[in-house]
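What follows is a single structure, written as structure tokens, with notes after it.
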Amino acid sequence: MIDAAPVAGARGPRSRRRTRSAMLKHGALLLFLIVMIYPLVWMIVSAFKPAHLILTEPGLVPTEVTFENFREGWHALNRPFSVFFLNSLVVTVGSILGNLFSCSLAAYALARLEFRSRRLFFGITLVSVMLPMHVLIIPQYIFFAQLGWVDTYLPLLIPKLLATDAFFIFLMVQFIRGIPRDLDRAAAIDGAGPFRIFWHVVFPLMRPALVTTTIFTFIWTWNDFFTPLIYLTSTDMYTVPVALSAMVSSESQQGIGMLFAMSLVSLLPVILFFVFAQRYLIRGMVTSGLK
């Protein structure tokens, strides 16, 4: 009978080194996690503190708990906060539908159709990703102001119908290139034209890329502060980020508790949406050729 003790003893030091290495890695990751989520936890705790204790007691254990911040914050701007939720929902859903429609059509044209200067247009599309939006905001504002669209949702929604988000075009182009062209040829033999091929063959197969576009558009649009701030001037038209900013401006330091409370409420849709859709996000990014 072979004695297993020497074998176990030989593996013992190596196993212990691996265990210590794993413990150090997990400890470092845990420390990094604590540092990253500390501001979020502090905001959550502060949302349930009285306003005068938020800055005087910076700890995570509140000495006094109140729900007054939520009650006052919900009506801080002389109207229910649900109005701003509805405004953000309208802008977000409209942006999602616009990006899905326009970016998919543009991506199909760049990935499948043969026309002159196709590579040039695709190159321009990629270059536009690196162009800061602040460079374009002044001419865009002048243009929309001349059309009389200021203080409406049109400046926020119409560009989405014109395939202005180059990142999503690139994402979909990469995905469409992975779809076999034999499917297009088979549909063309049956008499289908380019648009019919797109709608009945390519578009149904783009589901992972479309889901990824939906997730990113939802998060970016819901959290967008700068663009609605530029174009929306009436309080009734405010989206959630602009309403939060107006709440602090109108209440000064006394509104910090209400700000944290309403910020917590406004984060819930984004967190829930990401939790339920993250597996589709990862799948869409992988199958679209992004590294």
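- A perpendicular orientation is assigned to the rings of Phe67 and Phe48, their planes being inclined by more than 60° (bins at 30° and 60°).
- By the 4.5 Å heavy-atom criterion applied to side chains, Thr214 and Phe273 are counted as neighbours.
- Scanning both residues, Ile169 and Ala106, for their nearest heavy atoms gives CD1-CB, 4.1 Å.
- By the 4.5 Å heavy-atom criterion applied to side chains, Ser95 and Leu157 are counted as neighbours.
- Surrounding CZ of Phe225 are more than 12 heavy atoms belonging to other residues, nucleotides or ligands, all under 6.0 Å away.
- When side chains are defined from C-beta on, Ser82 does not count as touching Leu86, because their heavy atoms never get closer than 4.5 Å.
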Run the side chain to side chain contact (heavy atoms under 4.5 Å, CB included) check on Phe144 and Leu154 step by step: do they pass? CA-CA 9 Å; Phe144 290 135; Leu154 293 178; over 6 Å; no
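- Here Tyr108 pairs with nothing under the side-chain hydrogen bond (donor to acceptor under 3.5 Å, both in side chains) rule; sequence neighbours left out.
- Phe85 and Trp222 have their aromatic ring centers within a separation under 6.0 angstrom.
- The same ILVMFWY cluster, assembled from side-chain heavy atoms under 4.5 Å apart, contains both Phe122 and Phe115.
- Between the side chains of Thr233 and Asp151, at least one donor N or O lies within less than 3.5 Å of an accepting N or O.
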Between Leu40 and Leu267, is the side chain to side chain contact (heavy atoms under 4.5 Å, CB included) condition met? List the steps. CA-CA 10 Å; Leu40 177 62; Leu267 278 177; 4.0 Å; yes
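- Here CG of Leu97 is found 10.0 Å from OG1 of Thr217. Values are rounded to the nearest 0.5 Å.
- Summarising the geometry, atom CZ belonging to Arg112 is positioned 10.0 Å from atom CZ belonging to Arg118; distances are rounded to the nearest 0.5 Å.
- Pro155 has its side chain out of reach of Ile158: every pair of non-hydrogen atoms, C-beta onward, lies at least 4.5 Å apart.
- Side-chain contact between Val242 and Thr239 is present, with at least one heavy-atom pair separated by less than 4.5 Å.
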Side chain to side chain contact (heavy atoms under 4.5 Å, CB included) evaluation trace for Asn69 with Met262: CA-CA 8 Å; Asn69 293 329; Met262 292 300 99; over 6 Å; no
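- Leu147 and Ile138 end up in the same hydrophobic cluster when Ile, Leu, Val, Met, Phe, Trp and Tyr side chains are linked at under 4.5 Å.
- Side-chain contact between Val65 and Lys49: absent, with no pair of heavy atoms (C-beta onward) separated by less than 4.5 Å.
- Taking both residues in full, the closest heavy atoms of Leu110 and Phe121 are given as CD2-CB, 4.1 Å, listed atom of the first, atom of the second, then distance.
- Pairing each heavy atom of Tyr238 with each of Ser234, the nearest pair is CD2-O, 3.2 Å.
- Residues Thr213 and Asn99 bring no donor and acceptor atom of their side chains to less than 3.5 Å of each other.
- With hydrogens and angles ignored, the 3.5 Å screen pairs no side-chain donor or acceptor of Arg177 with any backbone N or O of Ala111.
- Under a cut-off of 6.0 angstrom, the local environment of CZ in Arg79 is crowded, with over 12 non-hydrogen atoms contributed by other residues, nucleotides or ligands.
- Hydrophobic cluster of Leu136: the remaining members, joined at side-chain heavy-atom separations below 4.5 Å, are Leu131, listed by chain and number.
- Here the closest non-hydrogen pair linking Ile54 and Trp42 is O-CZ2, 3.8 Å.
- Under the 4.5 Å side-chain contact rule for hydrophobic residues, Tyr153 and Phe226 share a cluster.
- The backbone N or O of Asp236 sits less than 3.5 Å from a side-chain atom of Asn87, completing a donor-acceptor pair.
- Linking ILVMFWY side-chain heavy atoms closer than 4.5 Å, directly or via other members, places Leu156 and Ile142 in a single hydrophobic cluster.
- Contact check for Leu113 versus Pro194: side-chain heavy atoms found under the 4.5 Å cut-off.
- Here the CG-CG distance, from Leu268 to Leu264, works out to 5.5 Å after rounding to the nearest 0.5 Å.
- Residues His75 and Phe81 keep their aromatic ring centres 6.0 Å or farther apart.
- By the 30° and 60° cut-offs, the orientation of the rings of Phe167 relative to Trp220 is tilted.
- Under the 4.5 Å side-chain heavy-atom criterion for grouping Ile, Leu, Val, Met, Phe, Trp and Tyr, Val135 is not connected to Leu162 through any hydrophobic cluster.
- To the nearest 0.5 Å, atom OG of residue Ser102 and atom NZ of residue Lys160 are 9.0 Å apart.
- Taking 4.5 Å as the limit, every side-chain heavy atom of Val275 sits out of range of all side-chain heavy atoms of Leu272.
- Checked against a 6.0 Å centroid threshold, the rings of Trp74 and Phe84 do not count as neighbours.
- For Ser104 against Met206, the heavy-atom pair with the smallest separation is CB-CE, 4.0 Å.
- Looking at Thr221, its side chain never comes within 3.5 Å of a backbone N or O of Phe218 through a donor-acceptor pair.
- For Tyr38, the OH atom counts as densely surrounded, since its 6.0 Å shell holds more than 12 non-hydrogen atoms of other residues, nucleotides or ligands.
- With hydrogens and angles disregarded, a donor-acceptor distance shorter than 3.5 Å links the side chain of Ser266 to the backbone of Ser263.
- The two residues Asp184 and Pro180 come nearest to each other via the heavy atoms OD1-O, 3.9 Å.
- You'll find the ring centres of Tyr231 and Trp149 outside the 6.0 Å limit.
- For the pair His200 (side chain) and Arg196 (backbone), a donor-acceptor distance under 3.5 Å is absent.
- Going from atom CD1 of Ile37 over to atom CE of Met43 covers 12.5 Å, rounded to the nearest 0.5 Å.
- For Met23, the CE atom sits in a loose shell: 12 or fewer heavy atoms of surrounding residues, nucleotides or ligands are nearer than 6.0 Å.
- Considering CD1 of Ile230 and OH of Tyr141, their distance stands at 8.0 Å, rounded to 0.5 Å.
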